[in-house]
Amino acid sequence: MRTFNTPSTRALLLRVLALIPILVLVAVSCNKNQQPQTVAVTGVSLDKQELTLPKGQTAQLTATVLPQNATNKAFTFSSDNPEIARVDSQGLVTAAGEGNTTIRVKTGDGGFTASCALTVVPNEIVVQGVTVEPATLELKEGESATLKASVLPAEAGQGVEWASQNPEIATVNAEGLVRAVKEGSTRIYARSVASKDKQAVCEVTVAQNAALKGISFDVSYFELEEGQSRTLNVIFDPDYAANKKVSWATSNAAVATVEDGLVKAVKEGEATITATSEEGGFQASCQVKVVKTAGLRIYSVYSSWLIYLNGAPDPASGTYEIDGHTYVQGYAVCSQGNTLYSVEIYSQNHTYLCINREPKWELTDYTGIYFGVQSFAANNGTVALVFTPSGESMPKLLRVRPDGSMDVTAIIGSASWIVFPQVGVAPDGSIYVVADIEDSFGDYHLAQYVLGPASTTLSETLFTDGYTEVFPSIDISEEGDVYCAYYSRDIDGLYGVQVLKNGEPSAVFVPQKVEVPDHNAIQVRDGHVYTAVLDRINQKIYVNKDKALYLTVDFGSDCGLVDAASMAISSDGDVYLSMIRYEDPNLGNVGLVYKNDQILYIGSDSGLRSFCVVE
């Protein structure tokens, strides 16, 4: 049997035993080198920096310690004001009371912090719906009733806002007061302020109220010759009033009498005609002036193509017959002194220039002239008429000389487009036209065209660059000075009327400025220059005499000056204005003639097309 008990074996064993302590020391040293190192915290963050919570509700905040391999990731939460909000060790925030506080997190290693600004708001109860009482409502015009709105549930905010589907039928104010305006049906809405998708409806029906509210006349002043008569028309408010009985009275029966609205002029003087309603005792009054002989005559042409004299159809219509043709309708009027010029249509489409209503010169060769007369003037027997023929876009100038010879000239010049052309005739027979034009480059100008007495071509002058509508007007003095009024815009965006005299800025001063330009008018009379400025925003017309305000007309509704010859000044200094009052689209427009600041005539149909005064 083999044995290790030999000298060599024993020596080897002793060497091995001697190495064991050394190996143990090496192993211990290696174990010390392999122990993990500590990673320090560098910061902390929260997933929300701002938070709003309703009172009583909770929200979770999540903290992140950096770096991700930090050795000690411990942190703590705290609230600056626990009465506003509390936070537990895991970041669950509970809103306790209304107000503001800050939720903070702090690391155990290094004391790093992060924060979230917290706002606690009232915990509003969710709106479930809205009700309105009553759900249906019937009223008569002028009546009112109050609706009551409730928000459900009762604990929810009760704030509501009101609206009418059609305020022309019925209106509603912030307190739910409904006022009936006119016959019809509409809806009144109540909507929750807190929850705008929750609303309720009241169905409102408005019935006519036939009770009389007031009366008025269609005019406030008129003149009659001795022996003449005129019927006054009562306007009832509403026009379907059940009781339309009125009684009539005159302040001076020796001057004018009245019976059932028919006023008869007795003798020279003035009287007041009054109508009193049986229901309500409402009154309307009108001044009548009786004169011995015919004085100033006012001619106008309405949309019906009838020529009116002093507010009534002119009895001279149909008096004349020429070449077998009889009168059909009138189209335009103008005057010089005591001479009336008119464009009238006779049977078989024959068009005549008439003097004092008598057909004088036939214009039939100029087919379609009566479809587009835009301006009309006369002086010393020379007549000028600007018209746009049917089917054409550019206007033309028709000149009729005292001997009846006539010619037509196209108004073109630099213009590719012309609007608002206005014409005047000088004492020597020269004709002047002013207009807005657009040239071929798209620029706008105030342009003047002149046709000399012996000339057959127009000369053109461009006075100023402008915007689209300068609404020019023109008049020529007895001395032959040409005055042109037009709108210009200042640096503040307002529009003022400028006046040119013979193409140069004049000494005439127009002080008023308006926000929106519209038709103006100019008239030269007895050495004075009168201008009329329309202010549609404030519903006024300012008439200036030279440099001073002469008259203010408050028309109190949406009106505009007739675009041609809208002002005339009498020898007595009275101002006559022709206007159009714009009504509901279903009713059309109404033509008005003012004497100074009073309505003299109201047209019987939907518009006023032409106007002049003859003395």
Side-chain angles (χ1 to χ4, degrees), residues 41-68 70 72-135 137 145-165 167 171-178 187-202:
V41 172
T42 60
V44 66
S45 64
L46 288 172
D47 60 337
K48 299 179 182 68
Q49 286 74 48
E50 295 181 356
L51 183 62
T52 298
L53 278 179
K55 181 181 176 181
Q57 294 192 14
T58 62
Q60 179 67 50
L61 291 178
T62 301
T64 301
V65 177
L66 300 174
Q68 293 183 355
N72 183 2
K73 291 189 175 183
F75 51 78
T76 58
F77 280 98
S78 64
S79 171
D80 285 2
N81 189 344
E83 293 183 358
I84 301 297
R86 302 183 300 274
V87 62
D88 65 12
S89 60
Q90 301 304 311
L92 182 66
V93 179
T94 301
E98 298 173 19
N100 299 301
T101 188
T102 301
I103 305 300
R104 303 181 190 277
V105 64
K106 184 176 180 180
T107 62
D109 181 6
F112 295 99
T113 62
S115 63
C116 173
L118 177 66
T119 300
V120 179
V121 298
N123 187 7
E124 294 186 359
I125 298 173
V126 176
V127 174
Q128 300 298 324
V130 179
T131 62
V132 168
E133 295 179 353
L137 184 63
T146 300
L147 300 178
K148 180 182 178 182
S150 299
V151 179
L152 303 176
E155 295 78 15
Q158 294 296 306
V160 295
E161 51 190 2
W162 297 89
S164 172
Q165 183 184 55
T171 63
V172 63
N173 68 8
E175 285 71 44
L177 179 64
V178 178
R187 289 183 167 189
I188 301 297
Y189 296 97
R191 183 172 70 176
S192 168
V193 173
S195 183
K196 295 186 182 298
D197 62 334
K198 301 296 189 296
Q199 65 181 21
V201 174
C202 174

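All values below come from the heavy atoms of this structure, side chains included, with hydrogens, waters and symmetry mates left out.
- Contact between A114 and S45 at its shortest, heavy atoms only, is CB-CA, 3.9 Å.
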task: Go through R104 and S78 one step at a time and tell me if the side chain to side chain contact (heavy atoms under 4.5 Å, CB included) criterion holds.
output: CA-CA 5 Å; R104 303 181 190 277; S78 64; 3.8 Å; yes

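- With Q158 contributing its side chain and V151 its backbone, the two residues share a donor-acceptor pair below 3.5 Å.
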message: Run K106 and T113 through side chain to side chain contact (heavy atoms under 4.5 Å, CB included) and show every step you take.
response: CA-CA 4 Å; K106 184 176 180 180; T113 62; 3.9 Å; yes

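- Heavy-atom contacts from other residues, nucleotides or ligands closer than 6.0 Å to CD of E83 number 12 or fewer.
- Atom-to-atom distance recorded for T107:OG1 and N72:CG is 8.0 Å, nearest 0.5 angstrom.
- L53 contributes atom CG, which lies 7.5 Å from atom OG1 of T58 (distance to the nearest 0.5 angstrom).
- At distances below 3.5 Å, at least one donor-acceptor pair connects side-chain atoms of T42 with backbone N or O atoms of L66.
- Checked for salt-bridge contact, E133 and K148 miss the test: no charged N lies under 4.0 Å from a carboxylate O.
- The heavy-atom pair separating V132 from A200 by the smallest distance is CG2-CB, 3.6 Å.
- Scanning both residues, W162 and A174, for their nearest heavy atoms gives CD1-O, 3.3 Å.
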field: Derivation of the side chain to side chain contact (heavy atoms under 4.5 Å, CB included) call for E175 and T146
entry: CA-CA 8 Å; E175 285 71 44; T146 300; 5.9 Å; no

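- L61 and F77 get closest at one heavy-atom pair: O-CZ, 4.1 Å.
- Remark: L118 CG to N100 CG distance equals 8.0 Å, nearest 0.5 Å.
- What you find for K48 and Q60 is that their closest heavy atoms are NZ-O, 3.4 Å.
- S164 approaches V172 most closely through the heavy-atom pair N-CG1, 3.8 Å.
- Expressed to the nearest 0.5 Å, how far NZ of K73 lies from OG1 of T64 amounts to 9.0 Å.
- Heavy-atom contacts from other residues, nucleotides or ligands closer than 6.0 Å to CD of E50 number 12 or fewer.
- A distance of 10.5 Å separates CG in L92 from CD1 in I103, rounded to the nearest 0.5 Å.
- Between the side chain of N81 and the backbone N or O of T101, no donor-acceptor pair lies under 3.5 Å.
- Atom CG of L152 and atom CD1 of I125 lie 12.0 Å apart (nearest 0.5 Å).
- Side-chain polar atoms of D197 and S195 form a donor-acceptor pair below 3.5 angstrom.
- No donor-acceptor distance shorter than 3.5 angstrom exists from the side chain of Q199 to the backbone of K196, with no hydrogens or angles considered.
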